[in-house]
Amino acid sequence: MQNKTISLKTKFIIALMVMGLCITSASVLSGIRIYKNSIIGRYNEMAYQAAKTAADYFTDEELAYYAELAIRYEHGGEGTKELEEAAGSSRYTEIYTLLNMLRENMNANDIYICVFDMDELEHYDEETDAAGRWNPLHYIMDSYQDEDKRMPLGAVGAVFPEYCEDIADSYYSGIHTDNYFVARSQFGYTTTALYPIVVEGQTAAFAAVEIPMAALQSDTQRFIILIVAAAVLATAVLLIIGSVFMIRTMIEPIKLVAHEAERFVADNNAVSEKLSGIKTHDEIQMLGESLLKLEIDINEYIKNLTRVTAEKERIGAELNVATQIQADMLPSIFPAFPERKEFDIYATMTPAKEVGGDFYDFFLVDDDHLALVMADVSGKGVPAALFMVIAKTLIKNRTQMAAGGPYSPAEILGYVNEQLCEGNEAELFVTVWLGILQISTGKGIVSNAGHEYPVIRRAGGAYELVKTKHSPAVAAMEGIRFREHTFELHDGDSLYVYTDGVPEAANAEDELFGTDRMLAALNENPDASAQELLHTVKRHIDAYVGEAPQFDDITMLCLHYLGEGVDG
């Protein structure tokens with residue numbers, strides 16, 4: 001079952017939506033934080049201004065007097081009468097009226113004047129109340145909006161421990177802290193501004209303003225709704241614009257390239273003209289142009305491949321004909337001379353390519369003389385095969401012209417050498433072993449023009465190399481005088497000649513077969529017929545070479561001299 005795929009357009013839109021959601025979330029969170037800090041700062045600045053105004057209601061002497069009373073006495077304890085007189089004075093009432101009016105005008109929860117017992121403040125961890133607080137604060141005047149809960153002169157109050165350090169810093173420096181005292185009370189979310197009142201360089205008391213921050217929550221909610229709506233709208237607009245732009249400039253061209261690539265494969269290599277219409281002026285256009293060029297090149301390659309394949313098939317057919325012609329030129333019918341009982345002869349040639357440069361030949365020069373030829377043309381393939389045809393023809397024709405004697409292989413090769421040197425621009429040459437055997441006596445004359453040493457087996461013995469001096473190869477240069485020498489075969493003797501393709505056959509490790517393995521193969525069954533003997537040698541070569549390719553032609557000829565079959 002084919003896997004379900006998601007289109008590039010869908011993936012892109014999803015990616016844009018996720019990216020827009022991330023940007024919107026980051027923008028909203030960042031905006032809320034900035035806005036909230038701004039609102040808190042604005043509220044606290046208002047509170048500090050109100051606290052400063054409240055502090056101005058007292059003279060220095062009044063403030064010092066009330067502060068001393070607040071520290072000295074506690075509500076309901078000793079000195080209550082003095083506290084009550086101070087709190088009931090007209091001046092205290094006047095200041096309280098102003099303080100209460102200021103609170104109402106600001107819509108504050110509370111505005112109060114207080115003093116801190118610094119010993120208690122700085123040892124807040126030693127004694128706390130049930131709520132985890134203690135009471136270092138002493139009220140001088142309180143305008144709490146709930147009259148039943150207003151704190152009288154001398155009453156004590158608690159402070160959250162986290163603000164103790166800031167209060168102490170403000171007390172000793174005489175400068176209000178930048179920190180905002182934010183807390184939750186029965187009025188909800190509030191912020192308190194604590195303003196130090198300095199008298200003659202010393203903090204005498206503090207003016208505190210507690211303002212409800214319900215407006216902050218309301219403003220923050222409105223801001224969240226507004227910024228979310230704006231961010232969603234902006235994201236949607238950008239998503240639409242971005243999607244349209246990217247689809248037109250990227251997605252659609254990429255889909256076109258993918259579609260045309262698929263169509264090119266399905267429509268038997270029909271080149272697409274639509275690819276040339278992609279004008280994005282970027283890598284996508286380069287991709288489209290590259291694909292178009294690739295389609296054109298592939299079509300051209302297929303045409304060339306078709307033409308080359310047809311040409312190769314034609315050449316292959318012609319080479320098959322040439323191979324057949326070459327094979328037909330070599331003696332291939334055995335027994336070659338069924339009417340002659342004096343000898344048994346057999347030969348094989350296995351070319352490395354369709355056609356080869358090796359050749360062998362044997363033919364009767366007259367009734368009593370047998371010519372034996374083993375040759376190897378330099379090079380391979382068709383040029384070597386053509387040179388082989390000419391050389392073989394010249395050798396046979398010149399040898400047959402010597403019918404009736406005298407027989408001179410050296411003279412024959414000298415003539416052939418001069419003929420082959422004419423117009424030999426390819427600088428090919430051929431090594432030749434040419435022998436002429438007198439059938440009735442077993443005596444022969446041989447000339448070796450740079451060829452391999454022959455192998456002879458005497459009756460009842462083993463095959464051995466016969467090393468004689470060589471002459472240069474035929475067609476190597478003009479004017480060569482070739483050597484020749486005699487040999488003699490007796491009843492039961494055998495002659496084996498071959499090309500260098502036998503000892504130089506190599507295995508996969510490039511190790512040569514060699515003459516020693518060749519002699520071992522010949523001597524495996526030395527009494528075998530000429531045909532069986534050559535098949536044995538070829539079997540040993542194939543086993544040694546294995547899967548390694550054949551680099552040279554393998555040509556062999558074997559003659560068993562019987563003698564007793566001669567008439568008379």
Side-chain angles (χ1 to χ4, degrees), residues 331 336-337 340-347 359-376 395-396 398-400 402-414 416 430-474 480-500 502-503 515 518-519 522-523 526-527 529-530 533-534 537 555-566:
F337 308 102
R340 306 302 295 257
K341 307 301 181 183
E342 301 94 332
F343 59 88
D344 175 28
I345 191 169
Y346 191 80
F359 68 92
Y360 66 86
D361 202 0
F362 52 84
F363 51 89
L364 291 172
V365 182
D366 54 34
D367 289 341
D368 196 27
H369 290 86
L370 175 66
L372 304 172
V373 182
M374 181 61 62
D376 183 3
I395 292 172
K396 185 172 184 178
R398 190 64 179 178
T399 303
Q400 288 180 334
Y407 302 100
S408 174
E411 184 278 329
I412 294 171
L413 294 184
V416 173
V430 55
T431 63
V432 181
W433 185 92
L434 172 61
I436 299 178
L437 175 69
Q438 186 175 15
I439 301 174
S440 58
T441 62
K443 296 180 180 181
I445 305 173
V446 65
S447 181
N448 190 337
H451 202 74
E452 302 293 321
Y453 295 119
V455 179
I456 291 181
R457 173 184 180 259
R458 299 303 177 183
Y463 284 94
E464 298 177 348
L465 286 176
V466 179
K467 296 184 178 182
T468 57
K469 291 184 178 182
H470 289 182
S471 298
V474 177
I480 298 176
R481 296 179 64 84
F482 294 90
R483 294 188 180 93
E484 63 183 18
H485 60 272
T486 61
F487 70 98
E488 185 173 358
L489 296 178
H490 304 286
D491 294 355
D493 290 353
S494 298
L495 172 68
Y496 172 80
V497 288
Y498 54 94
T499 60
D500 60 1
V502 176
T515 55
M518 179 186 72
L519 292 175
L522 289 170
N523 290 313
D527 294 323
S529 65
L533 193 75
L534 298 191
V537 175
T555 307
M556 300 178 286
L557 181 148
C558 183
L559 172 74
H560 284 334
Y561 183 70
L562 304 177
E564 67 271 11
V566 179

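The distance from the CD atom of Q400 to the CD1 atom of I395 is 12.0 Å, given to the nearest 0.5 Å. Rounding to the nearest 0.5 Å places OG1 of T468 at 12.0 Å from CD of E484. Taken to the nearest 0.5 Å, the CG atom of L522 stands 11.5 Å off from the CD atom of E464. In this structure, OG on S447 lies 9.0 Å from CD1 on I412, to the nearest 0.5 angstrom. For the atom pair CZ of F362 and CE of M374, the computed distance is 9.5 Å after rounding to the nearest 0.5 Å. Interatomic distance, I480 CD1 to S471 OG, rounded to the nearest 0.5 Å: 8.0 Å.
Residue F482 comes nearest to A410 through the heavy atom pair O-CB, 3.2 Å, listed as atom of the first residue, atom of the second, then distance. Pairing each heavy atom of V497 with each of P454, the nearest pair is CG1-CB, 3.9 Å. Across Y561 and H490, no two heavy atoms sit closer than the pair CD2-O, 3.3 Å. In this structure, G442 and L437 approach most closely via the heavy-atom pair O-CD1, 3.3 Å.
Between the side chain of N523 and the backbone N or O of A462 there is no donor-acceptor pair closer than 3.5 Å. The backbone N or O of Q438 lies less than 3.5 Å from no partner atom in the side chain of D368, so there is not a single donor-acceptor pair.
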Yes or no on side chain to side chain contact (heavy atoms under 4.5 Å, CB included) for Y498 and V537, after CA distance, side-chain angles and deciding distance? CA-CA 11 Å; Y498 54 94; V537 175; over 6 Å; no
Step by step, work out the side chain to side chain contact (heavy atoms under 4.5 Å, CB included) result for H560 and F343. CA-CA 5 Å; H560 284 334; F343 59 88; over 6 Å; no
Check the pair D344, L559 against side chain to side chain contact (heavy atoms under 4.5 Å, CB included), reporting the backbone distance first and the verdict last. CA-CA 6 Å; D344 175 28; L559 172 74; over 6 Å; no
If you apply the rule side chain to side chain donor-acceptor pair (under 3.5 Å), what do you find for E452 with T499, and how did you get there? CA-CA 6 Å; E452 302 293 321; T499 60; over 6 Å; no
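Annotation: side chain of V430 is not in contact with side chain of V416 (no heavy-atom distance under 4.5 Å). Residues I345 and L557 are in side-chain contact: their nearest non-hydrogen atoms beyond the backbone lie under 4.5 Å apart. Contact of the S529 side chain with the Y346 side chain is not registered, since no non-hydrogen atoms from C-beta on lie closer than 4.5 Å. Here the side chains of Y496 and L534 are in contact, with some heavy-atom distance below 4.5 Å. Side-chain contact check for L413 versus L434: some heavy-atom pair is nearer than 4.5 Å. Using a 4.5 Å heavy-atom threshold, the side chains of F337 and L370 count as touching. Between C558 and L495 the shortest side-chain heavy-atom distance does not fall below 4.5 Å. The side-chain heavy atoms of V446 and H485, taken from C-beta on, include a pair separated by under 4.5 Å.
Under a 4.0 Å N-O distance rule, the pair D491/R458 does not qualify as a salt bridge. Using a cutoff of 4.0 Å between basic side-chain nitrogens and carboxylate oxygens, R398 and E411 are scored as salt-bridged.
Residues Y407 and H369 place their aromatic rings such that the two centres sit under 6.0 Å apart. Checked against a 6.0 Å centroid threshold, the rings of Y453 and H470 count as neighbours.
Judged by distance alone, the side chains of D376 and T431 never bring a donor and an acceptor atom under 3.5 Å apart.
Ring-plane geometry between W433 and F487 is classed as tilted, the angle between the planes lying from 30 to 60 degrees on a 0 to 90 degree scale.
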